Amino acid sequence: MKSIETPEGIDLCVSVAGPLPRATAWLLDALIRYGMLFAASFLISLFESAGIGLFLILIFMIEWFYFVLFEVFMHGQTPGKKMIGIQVLNDDGTPVDWGPSLLRNLLRVVDFLPLFYGFGLMSMLANRDFKRIGDIGAGTIVVYVEKTAERNDIPSARPQSPPVQLSLEEQQAVIAYAERYSGLSKERAAELAALATPLAAPLPKTTPQHLLEIANWLVGRR
Amino acid sequence: MKQEVFEKKHAADWARFEQLLRTPRANDAHDLPILYRRICQHLALARSRLYSPPLIRHLNQLVLRGHQTLYGKASRRQGRIGIFFGVTFPQAVRNEWRLVLLSSMLFFAPMLVVGLAVQYEPELIYTLMEPAQVGSMERMYEPGQDRIGSERDSDSDILMFGYYIWNNTSIGFRTFASGLLFAVGTIFILLFNGLYIGAVAGHLSRIGYHETFWSFVAGHSALELTAIALSGAAGLKLGLALLSPGRRTRFEAVRMAARTSGPIIGGAAIMFFGAAFIEAFWSSMTWIPVEIKYGIGITFWLLMIAYFVFMGRQREA
């Protein structure tokens, strides 16, 4: 979790992606790139030696510019990254443009040493934001794309005020439980509800229904 | 204020903001910043009042998307290329003239030294290249061919164009990136290529192929050799940031160095493409009189020097 401070003074929270998802995305991209080269190798047979020239240009473009073009035009996501659900952003949360994208991809050369992203991996593990050397040079981070948050309505129940005074954190926990309720299995819901025993007075154990009633009251339905 | 009351009160704002983000129209342009600031406030309230995490996440996402829309990609697309070549690139090169000078010395000095040395000590070339390579190189520049610079006459121009782009630009990029290895990589690549080119030039001149060789390189040498020197300068800038970051942390120093050397390597890449084009489609032609090729070559050198010395100056004041 990284906090980015905005000019408005509010902090944005983003989830930074670690080495494993990035490596997986890279592997997927590598498969796609070699697939493209393989398909393009048929150009050689069509055009003979001019085809070899085109093929070399294609190798060059795919090796150096595949990442850049996707990052600039597809909101920081190459196909591999899109499949994993991560994207490249600038340090301040804005989408990457040509400068940073070119830089971070040119510096892949160093990240790749000594053997298969050795330096890049060391950099990622040593850095708080999992940045590889290219990211440090270009001022970018790789974050998870937030899926549009699903917000479930709290199931309605007869609102009941909590028997004890709840702190803000405790109120938040109860409301969060109620919002998740529809996604929980009955056993799990009961298990979680049992954790809130002090709220059950005078009964020995809290039930999910109890918590739902309290949540309804806390949220404002009277 | 209770959460549900809060949500009900502001749901309209949030829905409208999402709609504006999805389909921005010129008429609504001034609504977006107003709504954005309001939603920032909602997020701050939601956080301090500890409303439920899904609500906070939802608002966080809205603010993030608004932030990206409002602050991303500030400059216009058109005119940026003109500004880059007219101002940014030459100014960047001039700002780093010391490193450009150093890089040029690391590159051209070995070239001259070895080029001259090979005239007096012909066996020197075999310390840099195997006899087979020397042989194939001689074949490429043998007088009397239809096309110079490639081994088989049947190679098409496009093949060589592709080869030069792939080979030369990659060398330039690697020279730049290996600057991060405390400049060792950059220095090594510059020295090695300087020695190699010097040896080739010296050897071919000695055995009498000077007309084919020099007329071949005349056209594209201005762009290509300078591009190599510029890539080296950009790499040295990165290495210098690591070696002596001054009062900044190494991270900060590298980032600042990358920002200033970025335009240099970008411009060098364009120069490599141009050199590849000239090399493939002009330099290898043998039907063009040698004098014209020399003349064009010298003209390119002068134009290029003039470009870096004079271009983009008026904006500096």
Side-chain angles (χ1 to χ4, degrees), chain A residues 4 6-14 47-60 63-64 89-90 92-95 97-100 102-103 106-110 113 127 133 136-139 146 148-152 154 168-169 171-172 175-176 178-180 218-221, chain B residues 1-6 36-37 40-41 43-44 47 49-58 60-61 63-64 67-68 71-73 75 152 154-163 165-167 169-170 173-174 176-181 185 238 251 254-255 257-259 262-263 265-266 280:
Chain A
I4 302 173
T6 63
E8 283 72 26
I10 192 148
D11 282 345
L12 287 172
C13 281
V14 288
F47 289 104
E48 286 189 17
S49 76
I52 302 183
L54 289 172
F55 189 62
L56 285 171
I57 297 182
L58 203 62
I59 294 182
F60 173 76
E63 183 186 333
W64 294 103
L89 290 179
N90 285 319
D92 59 7
T94 54
D97 204 17
W98 290 100
L102 275 168
L103 205 51
L106 282 186
L107 293 179
R108 266 180 209 277
V109 171
V110 187
L113 303 171
N127 189 278
I133 300 178
I136 296 174
E146 287 281 343
T148 35
E150 297 145 18
R151 297 181 46 232
N152 302 315
I154 303 175
L168 273 183
E169 282 93 359
Q171 290 181 22
Q172 190 185 40
I175 297 176
E179 285 189 352
R180 288 180 57 204
L218 286 173
V219 140
R221 300 174 188 169
Chain B
M1 184 185 284
K2 297 297 180 185
Q3 177 172 325
E4 208 143 86
V5 181
F6 179 82
Y36 174 66
R37 277 191 281 274
C40 285
Q41 198 183 11
L43 176 58
R47 281 201 185 127
R49 293 174 186 167
L50 282 184
Y51 289 150
S52 70
L55 174 61
I56 295 180
R57 257 204 302 279
H58 176 69
N60 184 65
Q61 227 175 303
V63 172
L64 180 62
H67 174 77
Q68 290 178 338
Y71 292 104
K73 285 201 191 162
S75 50
R152 306 185 306 265
S154 59
D155 281 342
S156 78
D157 290 334
I158 301 185
L159 164 66
M160 298 317 290
F161 181 45
Y163 174 74
I165 285 192
W166 173 68
N167 186 47
T169 320
S170 296
F173 285 167
R174 274 193 278 271
F176 166 66
S178 55
L180 276 185
L181 300 172
L238 288 183
F251 282 176
V254 167
R255 201 176 333 166
R259 202 174 305 168
I265 186 68

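Per chain, numbering begins at 1; letters A, B, ... match sequence-line order. Quantities reported herein were computed from a predicted structural model and do not represent experimental measurements.
If you measure heavy-atom distances from A:Gln171 to chain B, you find no contacts under 4.5 Å at all. With a 4.5 Å cut-off on non-hydrogen atoms, B:Tyr51 touches chain A through its backbone but not through its side chain. For a residue to count as touching a neighbouring chain, one of its non-hydrogen atoms must lie under 4.5 Å from one of that chain's; by this rule B:Arg47 touches chain A with the side chain only. With a threshold of 4.5 angstrom between heavy atoms, B:Phe6 does not approach chain A through any atom at all. Of the two parts of B:Leu55, the backbone and the side chain both hold a non-hydrogen atom closer than 4.5 Å to a non-hydrogen atom of chain A.
Inter-residue side-chain proximity for B:Val63 and A:Glu8 is flagged as unmet; no heavy-atom pair is nearer than 4.5 Å. B:Ile165 is not listed as a side-chain neighbour of A:Leu56, based on a closest heavy-atom distance of 4.5 Å or more. Side-chain contact check for A:Ile57 versus B:Phe161: some heavy-atom pair is nearer than 4.5 Å.
Rounded to the nearest 0.5 angstrom, B:Leu50 CG and A:Glu169 CD are separated by 5.5 Å. Atom CG of B:Asn167 sits about 11.5 Å away from atom CD1 of A:Ile59, to the nearest 0.5 Å. In this structure, CG on A:Asn127 lies 5.0 Å from CZ on B:Phe251, to the nearest 0.5 angstrom. In this structure, the separation between CD1 on B:Ile265 and CG on A:Leu102 is 10.0 Å, given to the nearest 0.5 Å.
Listed options A:Gly139, A:Pro7, A:Gly9 were ranked by heavy-atom pairs under 4.5 angstrom with chain B; first place goes to A:Pro7. Taking chain A as the reference chain and counting heavy-atom pairs below 4.5 Å, the highest number among B:Val254, B:Leu238, B:Leu43 is found for B:Leu43.
In terms of heavy-atom proximity, B:Phe173 sits nearest to A:Phe60 at CE1-CZ, 4.0 Å. Among all heavy-atom pairs drawn from B:Phe176 and A:Leu103, the shortest one is CZ-CD1, 3.7 Å. In plain terms, the two heavy atoms of B:Ala177 and A:Val109 that are nearest each other are CB-CB, 3.5 Å. Scanning both residues, B:Ser52 and A:Ile175, for their nearest heavy atoms gives CB-CG2, 3.7 Å. Here the closest non-hydrogen pair linking A:Gln172 and B:Ile56 is NE2-CD1, 4.0 Å. Across all their heavy atoms, A:Gly137 and B:Ala258 have their closest contact at O-CB, 3.3 Å.
Residue A:Arg180 qualifies as open at atom CZ: its count of foreign heavy atoms under 6.0 Å is 12 or below.
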Passes side chain to side chain donor-acceptor pair (under 3.5 Å), B:Gln3 versus A:Glu179? Steps please. CA-CA 12 Å; B:Gln3 177 172 325; A:Glu179 285 189 352; 3.2 Å; yes
As a quick check of understanding, evaluate side chain to side chain donor-acceptor pair (under 3.5 Å) for A:Trp64 and B:Thr169, giving each step before the final call. CA-CA 10 Å; A:Trp64 294 103; B:Thr169 320; over 6 Å; no
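Under the salt bridge (charged side-chain N to carboxylate O under 4.0 Å, His left out) criterion, B:Arg255 pairs with A:Asp91, B:Glu252, not counting sequence neighbours.
The side-chain contact (heavy atoms from CB on, under 4.5 Å) test with B:Leu180 is passed by exactly one of A:Leu113, A:Leu107, A:Ile136: A:Leu107.
Side chain of B:His67 to backbone of A:Asp92: a donor-acceptor contact under 3.5 angstrom is found. With B:Asn60 contributing its side chain and A:Leu12 its backbone, the two residues share no donor-acceptor pair below 3.5 Å.
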